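Below: one structure, written as structure tokens.
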Amino acid sequence: MVKSRPPRVVLSKVGLDGHDRGVKIVARALRDAGMEVIYTGLWQTPERVIRAVADEDADVLGISILSGAHMTLVPILIDLLRQEGLGDVLFLVGGIIPEEDIPKLHEMGVSHVFIPGVSLDNIVTFIREHLPART
Amino acid sequence: MASRTSTDAQERFEREFAEAPVRPTITFDSISGEKTKGLYTWDDADPGDPDEKLGFPGQFPFTRGVHANLYRGKLWTMRQFAGFGTAEDTNQRYQFLFSKGQRDLSVAFDLPTLMGLDSDDHRSIGEVGRLGVAVDTVDDMERIFQGIDLNQVSTSMTINAPAAIVLAYYLVAAERQGVPWKNVRGTCQNDILKEFHAQNEFVFPPQESVRLVVDTIEFCAQHVPKFNPVSISGYHIREAGASAIEELAFTLADGFEYVEQSLARGLAVDDFAPRLSFFFIAHNDFFEEIAKYRAARRIWARRLRDRYGAKNEASMKLRFHAQTSGAALQAQQPQVNLMRVAYQAMAAVLGGCQSLHTNSMDETLALPSEHAVTLALRTQQVLAYETGVANTVDPLGGSYFIEALTDRMEQAAEEIFEHIDELGGVMKAIETGYFRRVIADSAYRYQREVDRKERIIVGVNDFVDNQVPPVDLLKIDIETERMQVARLKDRKAKRDQAKVKECLSRISDVAKSKENLMPTLIEAARAQVSVGEVVIALAGAFGRYAGVPGG
């Protein structure tokens, strides 16, 4: 059996939102859990985020949005992922997301939405259990 | 020296506690991770020289408050931060708040405005009017205050990187109402240093950014004497994860930096220091917060008198606005947030705040609805009129615990000031990433404590309840963005273009000189130059700042 490499996760802040407390905590927790984390920093355009996912050959993309712009930005990201043939990447969203938007985000192709109050262990476990199979 | 009776009391405490059935995981450390004793006695509260340490309310070192008569004569200002959508939407919310008993205003701007971008910039997509009101030109500013007499209200504006531009808009809006600048009251947040530490809404490099701040300090000292040009803010530092002590120390260190740079400009300390104001959080740990405000006042007073040679007592008085903690609110069982906010607000009042914003229960989910914001304001009204806490100034002064905690906070802050000095001062410490590193470490420590259930958060890691009635949320009309963009395009098409060009080239020249930028920015405001256009001109001279690597 080939020893698999650790999960590779791109975390990013898209748009103008500067709230980065959560994403930095998650980045550290995932690293502590043995994952390879690439945090892109603030103010990324959707194009740059998808570029990072492709360049890093990431298994997981986590987007943090606390500005309320998720319904505008997420569809753009999903379209770009699919265009780049990265549709199997596990796509996670975290932040201030009203409950009624969550099913809509799932429909668009988001695997999971983490709202405030989620434990770091839950995030780690979710990623481990839902990692896309590597081909 | 410990007295026999208090030693005996400590022993009894320990003995009884050893037999108590406490939860095995829970911590008694303060939220900031500070060791807290279960019992405080007179042995813990070193009286020192009472005049130098406590004084009396309204007297140096103002530990007990900046006014001799705190709230009996004048309650704190109940100032709810609000803004969303277009200027008209925001104006309507202000009228609503007035109808519920609020008297003064606090403007929330949307992210593009905060970042110095116009609504029609491609980077603004999805964000126009969403987190606050969209302001592109002075016309928007005028519309926000339609029917609101700027002679009568004081206005606080939460804006930082483009603060000088927005302040210019506000002054021109006042001018259009016929209100002389000497009557204009209010506050601009305009604290760029904490943007580099925590809030991340910076545009220009640190030194150029501080120059803009000093320009506004100088201009207001000369022309807008009742306006606070800066609100030196710990709020965002704390929200980003810092401890109470770090919030206290970083905020005051930033304050010292503004004072030193203003002195270096050649201003006299007593000409500008009385108008420096502060903004702290009101977090969950009740006594720690009260001690933080008291320590802040003492540190500031001593530093201004002893190091900066202030003679006017007004320069030594640390006046502050408080806002309850957004990050302490929970998305689970949002109604429970009402209780959190009420306790936090009480800490701010017992700590002697000058104005207060109480968060709405639904803010972990969206911008507040009218219902939620009414309850938030009512929380302050109950506090002011029903609880009696406002009747006596500094009612906790002399409490063994509070005084010991105040001393501890002061001492810990002084240690941090020394460390910052060793790093070469605030500006150097920013470059090394010091502030960001400390804040991220504290944020992680806290989250881990919650995950391990060392700290219980009701409804989150204990007392979980899935049968909670939903709350109605405010929705931002998606039409807002389209409308605002169309309006801006129209405005840009119908201006005196030669005048606009002339203003922008003048801004660029002045930015490269040592001249104060405010008069030029005011001229540009009158000529309908947009926020984004001014920022591009300034960035041409100043450069843009990308943050420290590893952010």
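Just the heavy atoms: all of them, side chains too, but no hydrogens, waters or symmetry mates, feed the values below. These figures come from a predicted structure and were not determined experimentally. So that the names make sense, note that chain A is the first sequence line, chain B the second, and so on, each numbered from 1.
Here CG of Leu131(B) is found 5.5 Å from OG of Ser67(A). Values are rounded to the nearest 0.5 Å. Within the model, atoms CG of Asp20(A) and CG of Asn200(B) stand 4.5 Å from one another, a figure rounded to the nearest 0.5 Å. In this structure, CD1 in Ile125(B) is found 12.0 Å from OG1 in Thr45(A), a value given to the nearest 0.5 Å. The CD atom of Gln199(B) sits 12.5 Å away from the CZ atom of Arg21(A) when rounded to the nearest 0.5 Å. Rounded to the nearest 0.5 Å, atoms CG (Leu120(A)) and CZ (Arg448(B)) are 5.0 Å apart. Note: Leu365(B) CG to Ile97(A) CD1 = 10.5 Å, rounded to the nearest 0.5 Å.
Ring-centre distance between Tyr545(B) and Trp43(A): not below the 6.0 Å cut-off.
In terms of non-hydrogen atom pairs under 4.5 Å with chain A, the most contact-rich of Ala331(B), Ala240(B), Ala366(B) is Ala240(B). When each of Gly41(A), Gly22(A), Ala29(A) is scored by its heavy-atom pairs under 4.5 Å with chain B, the top score falls to Ala29(A). Comparing Glu239(B), Gln330(B), Glu201(B) by how many heavy-atom pairs each has under 4.5 Å with chain A, the most go to Glu239(B).
The parts of Leu111(B) that come within reach of chain A are both its backbone and its side chain, each placing non-hydrogen atoms under 4.5 angstrom from that chain. Interface remark: Glu100(A) contributes side-chain atoms only to the contact with chain B (heavy atom separation under 4.5 Å). Both the backbone and the side chain of Ile25(A) come within contact range of chain B, judged by heavy atoms closer than 4.5 Å. In this structure, chain A has no heavy atom under 4.5 Å from any part of Glu195(B). Proximity to chain B (any heavy atom under 4.5 Å) is restricted, for Thr72(A), to the side chain, taken from C-beta onward. Of the atoms belonging to Phe202(B), heavy atoms from both backbone and side chain fall under 4.5 Å from chain A. Proximity to chain A (any heavy atom under 4.5 Å) is shown, for Leu114(B), by neither the backbone nor the side chain. Only the backbone of Ala198(B) has a heavy atom closer than 4.5 Å to any heavy atom of chain A.
Judged purely by atom type and a 3.5 angstrom limit, Gln332(B) uses its side chain to pair as donor or acceptor with the backbone of Pro116(A).
Residue Gln335(B) qualifies as enclosed at atom CD: its count of foreign heavy atoms under 6.0 Å is above 12. Surrounding CG of Asn122(A) are more than 12 heavy atoms belonging to other residues, nucleotides or ligands, all under 6.0 Å away. Open room surrounds NE2 on His371(B); 12 or fewer heavy atoms of other groups in view lie less than 6.0 Å from it.
In this structure, Leu473(B) and Pro98(A) approach most closely via the heavy-atom pair CD1-CB, 3.8 Å. Annotation for Asp17(A) and Glu127(B): closest pair N-OE2, 4.2 Å, computed over non-hydrogen atoms. Nearest approach of Gln447(B) to Val118(A), heavy atoms of both residues: NE2-O, 4.0 Å. Closest of all the heavy-atom pairs between Gly126(B) and Ala69(A) is O-CB, 3.6 Å.
At a threshold of 4.0 Å, the pair Asp441(B)-Lys24(A) does not count as salt-bridged, since none of the basic side-chain nitrogens sits closer than that to a carboxylate oxygen.
Side-chain contact between Asp32(A) and Tyr444(B) is present, with at least one heavy-atom pair separated by less than 4.5 Å. When side chains are defined from C-beta on, Asn461(B) does not count as touching Ser119(A), because their heavy atoms never get closer than 4.5 Å.
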